[in-house]
Amino acid sequence: MSNAFTLFERHVNPGLAGLLRFTGLDVEEDRAEGVYVWDKNGKRYLDFLGLYGTMNLGHRHPRVLEAVRRQLDRMPMSVRVMVSEPQARLAAKLAEITPGPLSMVFFGNSGAEAVEAAFKLARLHTGKPEIITTTGGFHGKTFGALSLTPKPEYQDPVRPLVPGVKTVPFGDAEALEAAITDQTAAVILEPIQGEGGINLPPEGYLRAVREITRERGVLLIVDEVQTGMGRTGKLWASEWEGIEPDLLTTAKALGGGVMPIGAVVGRPELFAAFQHNPLVHSSTFGGNPLACAAALAAIEVTLEEGLPQRALEMGGYLLSGLKRLAERYPEFIQEVRGKGLMIGLEFTDADIGALVISELATRGVLTAFGLNNPKVVRLEPPLIIERSHVDEALEALEASLEATQTTLEGVL
Ligand SMILES: *Cc1c(COP(=O)(O)O)cnc(C)c1O
C-alpha cells in the first residue's frame with residue numbers, strides 16, 4: 001500500500017510535494033497539541049507558522065474543543081430555514097468586539113469568502129464598479145478576491161479577472177487619493193500585509209486612508225483575516241490607529257484553530273441589500289453551528305486570557321532575539337520587522353531563506369515564506385507561547401543560520 005505522501009503527490013499536488021521534499025517536510029502529520037505538532041515518525045515540531053495566523057490559541061485548545069463537541073452532539077449543521085442560535089450569538093458578539101458602528105455580519109467559510117462578500121456589499125451599496133487595492137496585498141484566490149490580489153503569478157494564468165480593480169502602492173496615501181474617481185466604490189487593504197512579507201505601513205497611513213475615504217465618500221474595507229483576533233497585540237490591528245472601517249473581514253484565527261469560518265462585519269446601512277433580497281448573497285455552510293460555536297469559544301478565550309497583550313509581550317521578546325541574530329548574520333538577514341506575534345525575517349536572497357526554512361524543519365521548527373514574497377520568512381506562533389518556546393526557536397534559528405553558512409561556504 002502506498003503511503004500518504006505518495007498518494008498526495010500522485011493525486012493532489014505534485015509540485016507542492018516536490019517543494020515539501022526540498023524543505024525536508026516530505027512527512028505525514030500525525031497529531032497536534034498546543035504549540036507542538038508531531039509527524040508519523042514521532043518527531044516533534046514547534047509550530048512557529050501557526051497556519052498563517054490561524055493558531056492563535058494553539059492546536060486543540062480545550063475550551064474550543066469542548067464547545068465544538070457539545071454542538072456536535074446537539075446539531076452540527078443548520079437546516080437554514082430556522083434561525084441558528086450559535087450564529088446569531090456570534091454575530092452579536094462580533095458586533096460588540098469590532099470597532100465603532102460595525103454591527104451586521106455575513107458568514108462564509110474562509111477568508112476569501114469574507115472578501116468576496118465585502119466586495120459585493122461595496123458594489124451593492126454604492127452601485128459603483130471600482131475598487132482600489134494595494135501592491136503586495138493578499139485577499140484570497142477565488143476570482144473576486146484574486147482580482148484584489150495583484151500578483152501576476154496567480155492572476156495572469158486565469159484572466160480575465162473581475163474588472164474595475166486598480167492597484168496603488170501600499171503605504172502611499174497620496175497615490176491612493178489620486179486613484180479615486182466618481183466610479184470608486186471602495187478601498188481594500190490589510191493593516192499589516194501578511195503574505196506580502198509582513199509589511200508595516202508608515203505611521204498615520206491607516207488614519208490618512210480613513211480620512212480620505214470618508215471625505216471622498218468611498219468605503220474602506222480593512223482585511224483583518226490574518227491580523228485579527230489579537231495577532232498584532234490588539235484584538236484588531238485597526239485599533240492601532242483607532243480607525244473604524246466600513247467593513248472588516250476576519251477568518252483564520254476566528255475558528256479557534258479548530259473550525260474554518262470567515263465573516264465580514266459592517267455598518268448596518270451596507271447590509272440594506274439583504275432587506276430588498278434576503279438571498280442576494282448566501283452560503284450553504286457559511287456560519288454553520290459547529291464553526292460558530294468554535295468562534296464564540298475562541299473569542300471568549302482570547303479576551304479572558306488577554307492574548308493580545310500576551311502577543312505584544314512575547315512578540316517583543318522574540319523580535320529582540322531575532323534582531324540580535326540579524327546583527328550577527330547581516331549577509332543573510334536584511335531586516336527583521338513585525339508587530340506583536342506577526343513577524344517577518346527578510347533574507348537577502350529567497351534561496352537562503354529557503355535553506356534556513358529547511359534547516360529549521362530539520363531542527364523541529366515549522367516556518368514558511370510569504371506567498372507574495374519568498375524573501376520573507378514568517379513567524380506567526382500561537383499567542384499562548386512561553387519564553388521557553390521563543391528560546392527554543394531562537395536556538396534552532398541560530399544553529400540553522402550556522403548550518404546554512406557552512407553549506408554555502410562548501411558551495412563557494
Ligand atoms: C489568508 C488570507 C486571505 C484568504 O483566506 P483563505 O481562508 O485562505 O481564503 C484573505 N486575506 C488575508 C489578509 C489573508 O491573510
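In each ligand, atom 1 is the first atom listed, and ligand 1 is the first ligand listed. Just so it is clear, the structure is predicted and the values come from calculations on it, not from any experiment.
- Salt bridge status for D246 with R210: present, with a side-chain N to carboxylate O gap under 4.0 Å.
- Where the criterion is an N or O separation shorter than 3.5 Å, residue side chain and backbone included, E195 fails it with respect to ligand 1.
- The shortest N/O to N/O separation between G140 and ligand 1 does not fall below 3.5 Å.
- For K43 and W38, the positive end is not near the middle of the six-membered ring at less than 6.0 Å and at most 45° from its axis.
- R310 has no carboxylate O lying under 4.0 Å from a charged side-chain N of E305, or vice versa, which leaves the two without a salt bridge.
- Contacts between F138 and ligand 1 below 4.0 angstrom, taking non-hydrogen atoms only, involve backbone and side chain alike.
- Relative to the ring axis of Y317, R387 places its NZ or CZ within 45° and under 6.0 Å from the centre.
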- Message: Please determine whether salt bridge (Lys or Arg N to Asp or Glu O under 4.0 Å) holds for the pair E359 and R363, giving the CA-CA distance in whole Å, both sets of side-chain angles, and the decisive distance to 0.1 Å.
- Response: CA-CA 6 Å; E359 292 289 348; R363 289 169 179 78; 2.8 Å; yes
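- At the shortest separation from atom 1 (C) of ligand 1 among protein heavy atoms lies K252 NZ, 1.5 Å.
- Ranking protein heavy atoms by distance to atom 7 (O) of ligand 1, first place goes to G111 N, 2.8 Å.
- Among the candidates R231, H61, K252, the single residue satisfying the side chain to side chain donor-acceptor pair (under 3.5 Å) test with N56 is R231.
- Of the residues T134, V115, T167, the one that meets the side chain to side chain contact (heavy atoms under 4.5 Å, CB included) test with L148 is V115.
- Using a 4.0 Å cut-off between heavy atoms, A112 contacts ligand 1 through both its backbone and its side chain.
- Looking only at protein heavy atoms, the nearest one to atom 11 (N) of ligand 1 is D223 OD2, 2.7 Å.
- A centroid separation of 6.0 Å or more is found between the aromatic rings of F271 and H281.
- Atoms of ligand 1 found under 4.0 Å from any heavy atom of H139 (numbered from 1 in listed order, with element): 10 (C), 11 (N).
- Protein non-hydrogen atoms do reach within 4.0 Å of atom 5 (O) of ligand 1.
- Every atom of ligand 1 is numbered from 1 in the order shown, and the set under 4.0 Å from a heavy atom of E190 is 13 (C).
- Residue S110 has at least one heavy-atom neighbour below 4.0 Å for each of these atoms of ligand 1: 7 (O), 9 (O).
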